[in-house]
Protein chains: 2
Amino acid sequence: MKRPEASYSPAKTRIVDAALALFAEHGVGGTSLQMIADTIGVTKAAVYHQYNTKDEIVLAVAQVVLARLESAATLAEAERSRARAREVLIGAMVDLAVERRQLASVLQRDPVMLRFLQEHEPFRQVMARVNRLLMGGASGAPARVRAAILAAAIAGAVVHPLALDLDDESLRRELLKQVRKLFPNR
Amino acid sequence: MKRPEASYSPAKTRIVDAALALFAEHGVGGTSLQMIADTIGVTKAAVYHQYNTKDEIVLAVAQVVLARLESAATLAEAERSRARAREVLIGAMVDLAVERRQLASVLQRDPVMLRFLQEHEPFRQVMARVNRLLMGGASGAPARVRAAILAAAIAGAVVHPLALDLDDESLRRELLKQVRKLFPNR
DNA sequence: GTCTATAAATCGATAGAC
DNA sequence: GTCTATCGATTTATAGAC
């Protein structure tokens with residue numbers, strides 16, 4: 001990922017925030033620069049002054065989203081056992097997903113964003129680290145499917161209609177509790 | 001949902017098939033009628049002769065996708081116990097998701113499609129039946145979160161990068177096995 | 001940083017011939 | 001059913017003033 005030099009100007013921050021909200025609602029492909037400009041109350045030209053292309057905005061949004069995931073991965077990798085590492089990462093992923101529900105949604109569900117993550121090497125590396133941690137040392141079909149379920153469940157459940165009217169704390173607790181059932185050893 | 005009268009002409013079938021594939025790759029919002037026309041080798045006007053608006057195409061795709069889910073729900077509702085009904089539905093959902101992976105993906109993950117499902121009453125009714133079956137009679141936070149996890153995990157895991165190179169049978173078996181762990185009583 | 005103005009391409013959608 | 005041709009709106013993107 002990018003260095004911590006990723007300090008954004010107020011203008012850029014407003015653009016990224018607006019883009020994230022719009023991406024969550026209309027999808028990346030269904031969000032135009034005009035919509036972003038209207039949301040923050042400026043013209044398209046002002047947006048283009050900060051980001052030269054739409055792809056750069058998608059990139060910036062992806063960076064914000066993945067930065068927290070990466071720091072969670074780094075924290076998890078510092079644990080002594082693989083089981084502890086996985087536990088820490090899952091906890092962080094649940095916290096992140098619940099705290100900013102639409103953020104997780106955009107990251108792991110939007111088709112355009114998923115393509116972006118696969119095509120940009122820095123993102124792929126973060127996802128590879130996360131996947132390795134979730135699989136906990138194994139590499140067979142059970143571990144792969146379990147990791148896929150974990151990632152999909154966390155990102156998907158928080159924006160499911162059934163979870164919409166749950167308060168954050170209830171959702172966080174239940175999600176963490178039930179997701180732990182997926183592991184055999186307890 | 002619509003009556004079984006939903007028999008499509010060859011032309012309409014080609015359009016819906018192409019649209020489904022493109023929706024999965026670029027998202028609904030990122031797919032134009034030109035892209036659909038190019039994929040099946042005709043002009044936009046030919047597409048418009050079958051469907052008067054883009055929304056009608058999205059509707060047709062949603063109908064194809066939800067028709068199988070609805071028949072699975074009907075089958076499940078015929079079971080005697082709620083536990084059996086849930087079991088049957090989950091089995092059908094896993095089969096459906098694995099068999100046509102991108103189909104499940106588009107249905108439950110695309111932001112535009114999700115909006116569509118919420119705004120059209122017939123779709124909402126099917127989803128309400130599915131959710132009721134997944135919750136198995138309960139209505140509290142645990143049941144809600146469990147149902148949300150189930151739906152998100154099944155639809156999301158089948159298109160997760162870690163599951164891409166698994167053959168259908170392995171994926172189906174593991175997914176079903178692990179998803180069952182979410183239930184306390186066994 | 002933000003604006004007006006505009007270019008060039010593409011969007012969804014329609015008319016009418018075959 | 002499919003085509004050519006076109007409309008008006010919207011898209012990404014740029015030039016240049018303030």
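Since we're looking at a predicted model, the values are computed, not measured. Just so it is clear: chains get the letters A, B, ... in the order the sequence lines come, proteins before strands, and each one is counted from 1.
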Has the side chain of Lys44(A) got a donor or acceptor that lies under 3.5 Å from a partner of the other kind on the base of dT12(D)?
yes
Check the distance between dG16(D)'s P and His49(A)'s NE2 and give it to me in whole angstrom.
15 Å
Just checking Ser32(B): base, sugar-phosphate only, or nothing, at a heavy-atom cut-off of under 4.0 Å?
sugar-phosphate
Identify which nucleotide among dT2(D), dT4(C), dG1(C) has an atom closest to any side-chain atom of Arg14(B), counting heavy atoms from C-beta outward.
dT2(D)
Salt bridge or not between Arg180(A) and Glu87(A)? Use side-chain N to carboxylate O under 4.0 Å.
yes
OP1 or OP2 of dG1(D) sitting under 4.0 Å from any side-chain N/O of Ser9(B)?
yes
Distance check: side-chain N/O of Thr43(B) vs OP1/OP2 of dC3(D), anything under 4.0 Å?
yes
Does this structure show an ion pair linking Arg146(B) with Glu174(A), if we count only N-O contacts that are shorter than 4.0 Å?
no
Gln34(B) side-chain proximity, nearest of dT2(D), dC3(C), dC11(C)
dC11(C)
How close or far is atom P of dA13(D) from atom CE of Met35(A), stated in whole angstroms?
16 Å
CZ on Phe123(B) to CG on Leu114(B), rounded to 0.5 Å:
12.5 Å
Return whichever of Ala45(B) or Tyr48(B) has its heavy-atom-nearest nucleotide of DNA chain C closer to the 5' end.
Tyr48(B)
Which nucleotide in dA13(D), dG1(D), dC3(D) has an atom nearest any side-chain atom of Ala11(B)
dG1(D)
Rounding to an integer number of Å, can you tell me how far Lys54(A) NZ sits from dT10(D) C1'?
12 Å
Ion pair present between Glu25(A) and Arg115(B), side-chain N to carboxylate O less than 4.0 angstrom?
yes
